[in-house]
Structures are given as structure tokens and as C-alpha cells.
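Numbers here simply count residues along the sequence, with the first being 1.
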Amino acid sequence: MATQKLTTPQKVAIVRLYTQYNENAAEAARQFSTLFPGFTVTRKHVIKLNRKFDETGSVVDLPRSGRPRTGRSDENIATFQAIVDETPIITKYGTPIRNKKGNNSKYFEERFKFEILYPYFMPRIA
């Protein structure tokens with residue numbers, strides 16, 4: 001079973017259970033499993049979450065550094081698909097490739113899969 005990310009109310013419940021059971025992390029973890037079936041936490045996770053609450057006064061995750069996620073919305077996907085459909089793919093011999101429908105999305109998908117599977121064997125056109 002894959003681990004699921006805990007919601008903020010679930011994290012608050014862990015902190016309250018830890019306090020309610022006199023800082024007994026094992027008992028807090030057991031009680032949490034009965035309150036939220038399908039979710040399990042370890043004793044170590046209960047201790048780490050309470051330490052975080054003691055240090056910051058909150059159980060909310062801090063924002064992470066790094067590149068933000070790209071917007072993969074239906075609108076963005078449709079825009080990209082329109083660009084792919086309108087733009088011919090030119091082969092190294094200078095001829096455009098199009099399928100019977102007039103778009104090249106199938107070719108693009110096949111080529112992209114091939115480049116992922118065999119990145120070192122793809123000829124690069126300069």
C-alpha cells in the first residue's frame with residue numbers, strides 16, 4: 001500500500017493524541033489508526049511531527065525551494081496540441097512529415113518515446 005500524505009487536520013489530531021496520552025508516541029499512533037482507518041503512522045513520525053510543532057508552533061509544511069511545478073491544465077494541453085498539429089516536423093532531408101489527418105501529433109509522440117528510451121542513439125540535427 002502506498003503511503004499517503006497526511007492532511008493538516010490529521011497532523012493536528014496526531015499532536016493532540018500525543019498530548020492526550022502523556023507523550024506516549026506508540027499509543028498516539030495506535031489511536032490515530034483507529035480514528036483514521038486506512039492511514040498508519042509510526043512512532044517516529046509522531047515524535048517528528050510533535051518536535052516540529054514545538055519548534056515552529058505549526059504542523060503545516062513549509063514551502064519548498066526549487067523550480068515551481070509546470071501548469072498542466074486542460075487549457076495548456078490543448079494549446080500545446082494545437083501547436084503540434086499546426087507545425088510540420090521537418091526531417092533531416094528537408095521534407096515535412098504529416099499523417100493522413102494533416103497533423104503530426106502521432107509522429108511526435110512516437111519520436112518522443114523513442115528519445116526517452118534510447119537517448120544516446122538519436123541523431124541530433126544541428
Side-chain angles (χ1 to χ4, degrees):
M1 182 169 144
T3 59
Q4 297 175 346
K5 186 174 180 182
L6 296 175
T7 62
T8 303
Q10 289 172 331
K11 291 177 182 180
V12 170
I14 290 173
V15 172
R16 287 184 176 168
L17 287 169
Y18 184 71
T19 306
Q20 180 181 353
Y21 289 99
N22 299 323
E23 299 185 358
N24 184 345
E27 185 60 31
R30 276 193 292 275
Q31 293 300 322
F32 178 80
S33 296
T34 58
L35 286 175
F36 297 96
F39 288 91
T40 57
V41 293
T42 61
R43 184 182 66 81
K44 185 176 181 179
H45 190 238
V46 172
I47 292 169
K48 283 179 67 174
L49 190 60
N50 278 281
R51 185 178 302 133
K52 176 181 181 178
F53 179 74
D54 290 341
E55 292 171 358
T56 64
S58 175
V59 293
V60 178
D61 290 335
L62 296 175
R64 308 234 183 237
S65 64
R67 183 177 179 167
R69 299 184 121 202
T70 58
R72 187 171 168 80
S73 64
D74 293 335
E75 181 182 343
N76 289 347
I77 293 171
T79 303
F80 180 76
Q81 187 64 43
I83 291 169
V84 168
D85 290 344
E86 294 170 4
T87 308
I89 295 176
I90 307 297
T91 66
K92 64 181 176 181
Y93 304 111
T95 57
I97 296 176
R98 293 194 170 271
N99 61 17
K100 293 176 185 174
K101 294 181 182 177
N103 64 23
N104 53 20
S105 60
K106 194 69 171 175
Y107 174 79
F108 179 77
E109 290 173 9
E110 302 262 337
R111 181 180 173 115
F112 184 70
K113 287 178 187 174
F114 187 80
E115 285 182 1
I116 294 295
L117 293 175
Y118 307 104
Y120 300 108
F121 299 107
M122 283 301 297
R124 300 289 177 207
I125 302 170

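- Shown here are the side-chain contact (heavy atoms from CB on, under 4.5 Å) partners of R16, two or more places apart in sequence or in another chain: V12.
- Residues satisfying the side-chain contact (heavy atoms from CB on, under 4.5 Å) test with Q20, not counting sequence neighbours, are L17.
- The side-chain hydrogen bond (donor to acceptor under 3.5 Å, both in side chains) check on E27 picks up R30, Q31, with sequence neighbours excluded.
- Among residue pairs with one or both ends in residues 50-60, those qualifying as side-chain hydrogen bond (donor to acceptor under 3.5 Å, both in side chains) are K52-D61; sequence neighbours excluded.
- Residues satisfying the side-chain hydrogen bond (donor to acceptor under 3.5 Å, both in side chains) criterion with S33, sequence neighbours excluded, are absent altogether.
- Every residue meeting the side-chain contact (heavy atoms from CB on, under 4.5 Å) condition with T42, not counting sequence neighbours, appears here in chain and number order: K44, H45.
- By the side-chain contact (heavy atoms from CB on, under 4.5 Å) test, A29 is found to be paired with V41, V46, residues two or more places apart in sequence or in another chain being considered.
- Taking OG1 from T19 and CG from N24, the interatomic distance works out to 12.0 Å, rounded to the nearest 0.5 Å.
- Linking ILVMFWY residues whenever their side-chain heavy atoms come closer than 4.5 Å, directly or via other members, places Y21 and F39 in the same cluster.
- Within the 4.5 Å cutoff, the side chain of L6 has no heavy atoms near those of the V59 side chain.
- Scanning all heavy atoms of the two residues, the minimum distance from K5 to Q10 falls at O-OE1, 4.4 Å.
- For F53, the ring pair (Phe, Tyr, Trp, His ring centres under 6.0 Å) test picks out no residue, with sequence neighbours left out.
- Looking at residues two or more places apart in sequence or on another chain, you find a ring pair (Phe, Tyr, Trp, His ring centres under 6.0 Å) between F32 and F36.
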